[in-house]
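Here is the structure we will look at, set down as structure tokens.
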Amino acid sequence: MKIKVNAIALKSHVLEWLASATGSHPNLVLAPENLDPIHLKSREICCTMRRSRYLLNTVKETPKEAVVISHQLMLRAGMIKQLASGIYSFLPLALRSLRKIEQIVREEMNAAGAIELLMPSVQPSELWVESGRWQIYGKELLRMKDRKDNDFCYGPTHEEVVTDIVRKEVRSYKDLPLNLYQIQTKFRDEVRPRFGLMRGREFIMKDAYSFDVDDPSADRSYQAMYDAYKRIFSRCGLAFRPVEADSGLIGGSYTHEFHVLAQSGEDEILSCDQCDYAANVERCERQIETRSAAARPFEKVATPGKKSIEDVSAFLNVPAENCLKTLLYQNGETILACCLAGDRELNETALKNLFDGEEVFLVDPQTAQEKYGLPIGFVGPIDLPQSITALVDREIAEGGPWVCGANQVDHHFVGVTADQIRGKIVNLGQTRAGDRCPRCQNGHFTSHRGIEVGHVFKLGTKYSERMGATFLDAQGSSQPCIMGCYGIGVSRTMAAAIEQNFDEQGIIWPLQIAPFHVNLLNLDPSAELTQQTCDSLVTALEAKGIEVLYDDRDERPGFKFKDADLIGLPLQIIVGMRGLQGGTVEIKARRTGQRQQVALAGAVDEVIAQLQELGWGKERV
RNA sequence: CGGGGCGUAGCGCAGCCUGGUAGCGCGCCUGCUUCGGGAGCAGGAAGUCGGAGGUUCAAAUCCUCUCGCCCCGACCA
């Protein structure tokens, strides 16, 4: 009863505020001319959503199939729904975030001079046969036949299609440079889909393709994309790092990956603590430092049962870094003896690249013994059979003396000097944290985990030559276009954002890609006063272009708090009778957890102020 | 593709070994109470036990085959 009396007394006060806040009667919908024009765009696509009328079902328990945090939270927050392995529906909440990422990508791509188009997702095999990839792409390419039995595939990427367009449309150097992009659903029949959106089979990707007349121009196109990518991920509010990368099978000479930094990242990246060199561990160079040890005479010693570097090191009292390990790899019929320091890992990517990216496999111990007479655990580079190709890591070639296997069970050599080791000197060892940077020769590497969300490639003329994408230069002679390709995993970026921004309670959206800006919680939805207050807050916030998710459901307060934290919108406005009796509402910042009681009259201004602090209204970074 | 695991109500699971009535928690619907951190009580709806074949008087349960999903290793946005 008491509350009722207070409520009535309050009502006039609230109505007064409403009139001043919206400039009209609260029940009146604002006419368009009352809207701040700069916010019209966001209003068009983002009306307030009432939870009672929205498709958003959250769950308390973590679904068992989800092992990474983004997958768990997206399922719990009702963002995605699995349809088949690696194939997900984006439910409304997720779609809103996705659209925001797409919009940032569009704006920055357009600003960088790229032109949007949309290519078919289903592609005829002819183009792929022409580029040579129908044969080599393997099972990852989802192939299908139409009713006339013609071969098609669902596009995992669009080099072929875009090159086909360009060869038909571009004739003169005057038509170049050209950079075409699209945002589209791709399908790659991954060997093992996992981690929800992080490694799905169907995913949304922005792919861009540049065509230039010569190398300097192609390099400018590449640089423009590199810069655009930096702006894109900054605007998404993510901590990221561009790194030099391995070009892998797509080929090409020059490539960077963009990684969102997160503990759960699948890639290791190394960055110099002094200069700006950073690279994927697969690709990272290092400054070779000579490892010397006390000279000792060359001799064979017995090392009974000491197979591992650890055992040998302990047994002979020689540090692992002065021991030498020899790994037997196989490339086709060729057997490779790969020598590197005992404390260093082999970089398989580097090894593969010595063989044009062909697969290499470790030789199993039984085969090594039976076919080549080499006892695994005691293999060394000295007196290897002629049929075996020895590869020696540069680190070995410059140091010594070393301890190494004697190619005889239970025996090692000690006092081995570098000139005793025959073999081709190459870079085989994997760089690791603490190694010296080769660029500035001053700093040392630190290690991070990263999620690859973007990749820029300089492709060269591989596709344009094969598919005849040529133009006439100023001299009238035909030249192949120099190509580049540039991808951003849009749906993966959304997942990566969550991997980087969460706590025990749920997601913490960066404002720029949050599905809504504000979560308005009506704690007493059956009370007329809270209803009216919320309605008018909604109107006032909308008029400022602020996107509101309004929890008007008939649920208990605790339930709504948990839900709001799980969904993780940047700000929560909490409206309850308790606060309204003092004429206040509460504003809670999701990331800091900081709560503030503010007078109703100042609530919208305070929300705007807090949103601005989170980066609201900053179009460009 | 190799290795492992799991398919029973929308979700999480028990039941299976030792064949015979399909069960629990969450969620959902109704009512009452409750109401600032995922409420309580009472009532209710909901399952071709992944599919096919077999054994049996009788199969969620035993056998065979199949499909799907998840996890661990080699690929990639």
Side-chain angles (χ1 to χ4, degrees), chain A residues 3 57-68 71 75-76 78 81-87 105 137-141 156-158 183-208 229 245-250 255 257-260 266-267 280 282 348-349 352 357 359-362 450-457 485-496 505-506 521-527 530 553-566 572 574-579 585-586 588 593 595 597:
Chain A
I3 286 179
N57 295 316
T58 57
V59 282
K60 196 161 37 172
E61 294 90 6
T62 300
K64 62 163 183 180
E65 74 267 20
V67 294
V68 296
H71 192 193
L75 288 170
R76 285 191 55 206
K81 195 93 191 153
Q82 178 170 337
L83 183 63
S85 178
I87 302 178
V105 169
Y137 213 97
K139 287 194 142 184
E140 204 164 290
L141 187 63
T157 177
H158 280 69
I183 296 175
Q184 205 219 28
T185 299
K186 306 273 193 231
F187 195 95
R188 294 185 189 171
D189 203 350
E190 287 277 346
V191 179
R192 191 151 98 78
R194 59 187 138 170
F195 305 152
L197 295 191
M198 296 267 281
R199 185 176 292 274
R201 293 194 291 173
E202 184 172 297
F203 58 98
I204 296 174
M205 180 174 168
K206 185 283 302 177
D207 48 327
Y229 276 32
D246 186 74
S247 54
L249 281 179
I250 301 183
T255 173
E257 293 169 347
F258 284 75
H259 284 264
V260 166
E266 288 189 86
D267 287 295
N280 193 305
E282 291 176 348
E348 279 199 13
T349 304
K352 270 196 269 191
E359 283 301 320
V360 292
F361 308 94
L362 266 176
I451 301 164
E452 187 187 354
V453 290
H455 210 152
V456 292
F457 273 102
C485 71
Y486 317 94
I488 289 179
V490 176
S491 44
R492 181 185 277 185
T493 299
M494 178 164 68
Q505 298 302 315
L521 309 186
N522 184 347
L523 297 191
D524 299 286
S526 55
T530 56
R553 296 171 301 170
D554 184 18
E555 294 288 353
R556 296 160 59 84
F559 188 91
K560 295 190 175 190
F561 291 138
K562 289 287 187 190
D563 228 28
D565 286 348
L566 173 61
Q572 295 167 18
I574 299 154
V575 177
M577 287 306 293
R578 205 172 78 179
V585 295
E586 186 173 309
K588 177 183 164 185
R595 299 147 173 282
Q597 302 288 339

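As the structure is a prediction and not an experimental result, all values here were calculated from the model.
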Q: Would you mind pulling out the nucleotide paired to B/G27, Watson-Crick or G-U wobble, both distances under 3.5 Å?
A: none
Q: Taking only the side-chain heavy atoms of A/V67 (C-beta and beyond), determine which of B/C71, B/U34, B/C70 contains the nearest atom.
A: B/C71
**Q.** Among B/G36, B/C75, B/G38, the nucleotide that comes nearest once only the side chain of A/K562 is considered
**A.** B/G38
Q. Is there a donor-acceptor pair closer than 3.5 Å between any side-chain N or O of A/S491 and the backbone N or O of A/I204?
A. yes
Q. Any idea which of B/G36, B/C76, B/U34 is nearest the A/R556 side chain?
A. B/U34
Q) Which whole-number value in Å describes the distance from A/K139 NZ to B/C75 P? A) 17 Å
Q) Which one is paired to B/U34, where only Watson-Crick or G-U wobble pairs with both distances under 3.5 angstrom count? A) none
Q.
In whole Å, I'd like the distance from the CD1 atom of A/I204 to the C1' atom of B/C76.
A. 17 Å
Q. Which of the following nucleotides, B/C35, B/C76, B/G38, is nearest to the side chain of A/R492?
A. B/C76
Q) When you compare B/A22 with B/A39, how far apart are their P atoms, in angstrom units rounded to a whole number? A) 34 Å
(Q) By nearest atom, which of the nucleotides B/C75, B/G38, B/C35 is closest to the A/T58 side chain? (A) B/G38
Q | Nearest non-hydrogen partners of A/S85 and A/P193, listed with the distance | A | OG-CG, 3.4 Å
Q.
Any base atoms under 4.0 Å from A/G579, or only sugar-phosphate, or nothing? Heavy atoms, all strands.
A. base
Q) Whole Å only: how far is the CE atom of A/M205 from the P atom of B/C76? A) 13 Å
Q) Any luck finding a side-chain donor-acceptor pair between A/T58 and A/D563 under 3.5 Å? A) yes
**Q.** Interatomic distance, A/H158 atom NE2 to A/K186 atom NZ [nearest 0.5 angstrom]
**A.** 4.5 Å
(Q) Regarding A/G200, tell me which of base, sugar-phosphate or nothing describes its non-hydrogen contacts under 4.0 Å with the strands shown. (A) base
Q) When you compare B/C70 with B/C29, how far apart are their P atoms, in angstrom units rounded to a whole number? A) 30 Å
Q: Check whether any side-chain N or O of A/K64 sits under 4.0 Å from OP1 or OP2 of B/G7, and answer yes or no.
A: no
Q | Identified pairing partner of B/G2, criterion: Watson-Crick or G-U wobble below 3.5 Å | A | B/C72
Q.
When the C1' atoms of B/G40 and B/G47 are compared, how many Å lie between them, rounded to an integer?
A. 28 Å
Q.
Using the C1' atom as the point on both nucleotides, what is the distance between B/G19 and B/C63, in whole Å?
A. 13 Å
Q.
Would you compute the distance between atom CG of A/D207 and atom NE2 of A/H455 and round it to the nearest 0.5 angstrom?
A. 14.0 Å
Q. Which value, in whole Å, describes the distance between the P atoms of nucleotides B/U48 and B/U64?
A. 27 Å
Q) Looking only at side-chain N and O atoms, does A/Q82 come under 4.0 Å of OP1 or OP2 in B/C70? A) yes
Q: Determine the interatomic distance between C1' on B/U30 and the same-named atom on B/G23; round to the nearest Å.
A: 23 Å
Q) Do the side chain of A/E190 and the main chain of A/R192 share a donor and acceptor less than 3.5 angstrom apart? A) no
**Q.** Under 3.5 Å donor-acceptor, A/R76 side chain and A/K60 backbone
**A.** yes
Q) Just how far, in rounded Å, is P of B/C70 from CG of A/L75? A) 11 Å
Q. On RNA chain B, nearest-nucleotide positions of A/F561 versus A/G489: which is more 5'?
A. A/F561
Between protein and nucleotides 26-31 of chain B, what N or O pairs are separated by less than 3.5 Å?
none

**Q.** Check: A/T185 side chain, A/F203 main-chain N or O, donor-acceptor pair, under 3.5 Å
**A.** no
Q: Could you measure between the two P atoms, the one in B/C13 and the one in B/U8, and give it in whole Å?
A: 9 Å
Q: Name the pairing partner of B/U21, where a pair is Watson-Crick or G-U wobble with both distances under 3.5 Å, or state none.
A: none
**Q.** Complementary nucleotide of B/U64, counting Watson-Crick and G-U pairs under 3.5 Å
**A.** B/A52
**Q.** Nucleotide forming a Watson-Crick or wobble pair with B/A45, both distances under 3.5 Å
**A.** none
Q) Nearest to the side chain of A/E452 - B/C35, B/A77, B/G12? A) B/A77
Q) For A/Y486 and B/A77, what is the distance between atoms OH and P respectively, to the nearest whole Å? A) 15 Å
Q | Base-pairing assignment for B/A14 (Watson-Crick or G-U wobble, both under 3.5 Å) | A | none
Q) For A/K588, which contact category applies under a 4.0 Å heavy-atom criterion: base, sugar-phosphate, or nothing? A) base
Q.
Given B/G38, B/A74, B/C75, identify the nucleotide with an atom nearest to the side chain of A/V191.
A. B/A74
Q | Length of the line joining A/H259:NE2 and B/C76:P, which is rounded to integer Å | A | 13 Å
Q | Distance between P atoms of B/U33 and B/C16 (Å, rounded) | A | 44 Å
Q: Could you tell me whether A/D565 contacts a base, only the sugar-phosphate backbone, or nothing, with contacts defined as non-hydrogen atoms closer than 4.0 Å?
A: base
Q. Would you say B/C76 has OP1 or OP2 under 4.0 Å from some side-chain N or O of A/R188?
A. no
Q) How long is the line joining NZ of A/K560 and C1' of B/U34, in whole Å? A) 15 Å
**Q.** For atom CZ of A/R194 and atom P of B/G73, their distance in whole Å
**A.** 7 Å
**Q.** Along RNA chain B (nearest heavy atom to each residue), the more 5'-positioned of A/R76 and A/P193
**A.** A/R76
Q. Base, sugar-phosphate, or nothing: which does A/D207 touch, judged by heavy atoms less than 4.0 Å apart?
A. nothing
Q) Can a donor-acceptor pair under 3.5 Å be found between the side-chain atoms of A/R192 and the base atoms of B/C76? A) no
(Q) I'd like to know if the side chain of A/D524 reaches the main chain of A/S526, judged simply by a donor and an acceptor atom lying under 3.5 Å from each other, with no hydrogens or angles considered. (A) no
Q | Separation between NZ of A/K560 and CD of A/E555, rounded to the nearest 0.5 Å | A | 7.0 Å
Q. Would a distance-only check, ignoring hydrogens and angles, find a side-chain to backbone donor-acceptor pair under 3.5 Å from A/R492 to A/E452?
A. yes
